[in-house]
Protein chains: 2
Amino acid sequence: MSPRRSAAEALGTRAAILDRSVGIASLEGLEGLTIGRLATELGMSKSGVLGHFGSKEALQLAVLDRAGQIFRTEVWEPALPAAPGLARLRVLCEAWISYLERGVFPGGCFFVAAAHEFDGRPGPVRDAVAARFDAWRARLDKEAGRAVDAGDLPEGTEPGQLVFELLGLVMALNHALQLHRDNRAATYARRGVRARLGSAC
Amino acid sequence: MSPRRSAAEALGTRAAILDRSVGIASLEGLEGLTIGRLATELGMSKSGVLGHFGSKEALQLAVLDRAGQIFRTEVWEPALPAAPGLARLRVLCEAWISYLERGVFPGGCFFVAAAHEFDGRPGPVRDAVAARFDAWRARLDKEAGRAVDAGDLPEGTEPGQLVFELLGLVMALNHALQLHRDNRAATYARRGVRARLGSAC
DNA sequence: CCTACCGATCGGTAGG
DNA sequence: CCTACCGATCGGTAGG
């Protein structure tokens, strides 16, 4: 039967589709996410799934948004109570590493995976991924700049260089965890961060 | 017509299939590489393509081998004339960065892309990718160990930590080039390497 | 939200 | 190396 649902029910269904999509796409990629599989797993028809988004591309963009909310909750928000500048940058890096260690997304960092999947495919999905990285790097740059201005980092530290290196440490950690399930990697990543940002105590 | 070819011709055909496959897979991934597309681009039938490998998975493994040959030529062999230890490690890092800058593979580092595509999909392809990374890291570890033993690196340098950080710098460079076409990234990567390995002059 | 359907494409096989 | 074909699945649409 499944008659037309109320607006509230429809929102719940949409949220359920997105949550399931995030899990699938994390492991299989945003292209590996198919309407048919989603429908089967959710006990819906394909057109029922597609009706919430209109097209697969629109679904992929909505999934990116949902993943972005999760990232914000897990990595950005924990750092807000910390003082802007070096203190916040340290909390941010620890939350970032912890987010990978805890496997918030089963396939590792959702955005690193999406970046690799779409960097060779022009279009709205690629643009959305790039925009999210730009915004994230801008935030890190800002905190790094504040830390430099406050004299909390070694003289001559360039925010762009520092953020590039921090991103590299996190990407190497993501890679080691996902491909090798290498436990030493988190230690390496934390030591790398400490070498650049110093220790809090 | 296209009657059965000689063994030499068949080898040439196989090589042509692999070269085309490397280009496609670099941009679209090893799953995005399809027999049908390959056949069309090469002016062959699907079964003609598949006959050389037997299955798509066997083709993917052969493509990984071919990409490995290219990587060896572009990154490993240039470093062989250098003295083992620090000198070779420096040449290796420069060749590695240059390989990304020159776009030896149109979609960036073939193995980083393959690692992200398959790290969530158990099977022979994933295993082959992981084995290649293991071998590569073992080589870098060995050179780093020699450099430490020779006293050419700061006291207390741990090879595993050093190699982890070098891998991070290269991954951040690959990401910046592919997603952002960011020219400053190569400068950041080289500065990062120099901060860890010192300058040759 | 459903059923029923579309054309296209997938990996792969039979037989030559 | 080919033609001809298989069942399965893809994204998406029509109509309700």
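Chain A is the first sequence line, chain B the second, and so forth, proteins listed ahead of strands; every chain is numbered from 1.
Under the 3.5 Å distance criterion, with hydrogens and angles disregarded, no donor-acceptor pair is assigned to the side chains of B:Gln69 and B:Arg72.
Put simply, CD on B:Glu28 is 15 Å from C1' on C:dC10, counting in whole angstrom units. Protein atom CZ of B:Arg14 is 12 Å distant from nucleotide atom P of D:dC1, rounded to whole Å. In this structure, A:Leu30 places its CG atom 12 Å from P of D:dG11, rounding to the nearest Å. Look at NE2 on A:His52: it is 16 Å from C1' on D:dG12, rounded to the nearest Å. Between the CG atom of A:Leu33 and the P atom of D:dG12 there is a distance of 12 Å, given to the nearest Å.
Closest to the A:Ile35 side chain, of the nucleotides C:dG11, D:dG11, D:dC1, is D:dG11.
Here B:Leu38 lies out of heavy-atom contact (under 4.0 Å) with every strand. In this structure, A:Thr34 reaches the sugar-phosphate backbone alone: every heavy-atom distance under 4.0 Å involves primed, P, OP1 or OP2 atoms, never a base. If you check every strand for non-hydrogen atoms under 4.0 Å, A:Leu50 touches a base.
A:Arg184 CZ: 12 or fewer foreign heavy atoms inside a 6.0 Å radius.
The pairing partner recorded for C:dC5 is D:dG12, the criterion being a Watson-Crick or G-U wobble arrangement whose two distances lie under 3.5 angstrom.
Side-chain atoms of B:Ser47 and base atoms of D:dC2 include a donor and an acceptor less than 3.5 Å apart. Side-chain to base pairing of A:Lys56 with D:dG12: no donor and acceptor N or O lie closer than 3.5 Å to each other.
The six-membered or imidazole ring of B:Phe71 lies away from that of B:Phe105, with a centre-to-centre distance of 6.0 Å or more.
Comparing A:Lys46 and A:Gly51 by the nucleotide of DNA chain C whose heavy atom lies nearest to each, the residue mapping closer to the 5' end is A:Gly51. Map A:Arg37 and B:Ser45 each onto its nearest nucleotide of DNA chain D; the residue landing nearer the 5' end is B:Ser45.
With respect to A:Asp119 and B:Arg181, no salt bridge is recorded, no charged nitrogen being found less than 4.0 Å from a carboxylate O. Taking 4.0 Å as the cut-off between side-chain N and carboxylate O, A:Arg190 and A:Glu101 count as a salt-bridged pair.
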